J.: 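The structure under discussion is supplied below as structure tokens; questions concerning it will follow.
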Amino acid sequence: MNLFRLCGDMFHLLSIMVLLLKIRATRSCRGISLKTQELYALVFVCRYLDLFYSFISVYNSFMKVTFLATAFSIVRYMRYDKVVKQTYDREQDTFRYVFLIAPCLLLALVLNHRFTLTEVLWTFSIYLEAVAILPQLVLMQRTQNIDNLTANYVALLGAYRGFYILNWIYRFATERHYRQWIVWISGVIQTALYADFFFYYALCWKANKRLQLPA
Amino acid sequence: DDEEAPKDEL
């Protein structure tokens, strides 16, 4: 565990906390893509199956359970909470799951380390996480007024990705056996997806304006 | 050469 990895995890946790806070405090999920949140829940389920058969550290297990619980909590609010679900931008959040899930599943079946159920699901979760933010980014482009909490949520997720890349560079330099092309390439693609968002986020932050993405 | 990833990250 290095500092970059810890910062990455903390930004990830913070992003989820900001989102849950927004939903609970404002009783609204306006601007949040349920598709992205459900994809993240699926990512965590597929990746953290190893909770049942492998143990790395108390920290890892605790974080895995936290990510799973919070992901399902967010989905539950957006789908079933009487007040919150009315604020969901259903008509705008139209990204099709199949366009993301099918290619990731196919790729995981072909490009993996071992052709076993858990390994394929783990690889699938890596690929799917890389693109799961897309429905959220599309929704934000369609939304005229992006509130600050939503913008900060996505910015924190981007920061998490950025620190994970620093973590990989650090591990590549310091650990003999750290060659993980599947994780790296997916991670770089995932982080690159945020580049455009960050560009406008920085512009609006400098101008002290509300975030607006060009159509 | 890609090694099987040590699954110690989140």
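Since we're looking at a predicted model, the values are computed, not measured. Chain letters run A, B, ... following the sequence lines, proteins first, then strands; residues in each count from 1.
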J.: Using a 6.0 Å cut-off, check whether atom CZ of A:F95 has over 12 heavy atoms from anything other than its own residue.
T.: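 Atom CZ in A:F95 is packed in, count exceeds 12.
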J.: If you measure from NZ on B:K7 to CG on A:N60, what distance do you get to the nearest 0.5 Å?
T.: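 CG of A:N60 is found 13.0 Å from NZ of B:K7.
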J.: I want to check something: taking the side chain as every heavy atom from C-beta on, are A:D9 and B:E9 in contact at a cut-off of under 4.5 Å?
T.: no
J.: More than 12 heavy atoms of other residues, nucleotides or ligands under 6.0 Å from CZ of A:R142: yes or no?
T.: yes
J.: Under a 4.5 Å heavy-atom cut-off, does chain B meet the side chain of A:N112, its backbone, both or neither?
T.: neither
J.: Please flag which part of A:F44 lies under 4.5 Å from any non-hydrogen atom of chain B: side chain, backbone, both or neither.
T.: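 Neither part; nothing is under 4.5 Å.
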J.: Give the member of A:M1, A:M63, A:R5, A:H12 that has the highest number of heavy-atom pairs under 4.5 Å with chain B.
T.: A:R5
J.: With a 4.5 angstrom heavy-atom cut-off, is it the side chain or the backbone of A:W168 that approaches chain B, or both, or neither?
T.: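 Side chain only.
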J.: Looking at CZ of A:F62 and CG of B:L10, how far apart are the two atoms once the value is rounded to the nearest 0.5 Å?
T.: 11.5 Å
J.: Side chains of A:R171 and B:D8, heavy atoms from C-beta outward: is any pair under 4.5 Å?
T.: yes
J.: Using a 6.0 Å cut-off, check whether atom CZ of A:F52 has over 12 heavy atoms from anything other than its own residue.
T.: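 Atom CZ in A:F52 is not crowded, with 12 or fewer foreign heavy atoms closer than 6.0 Å.
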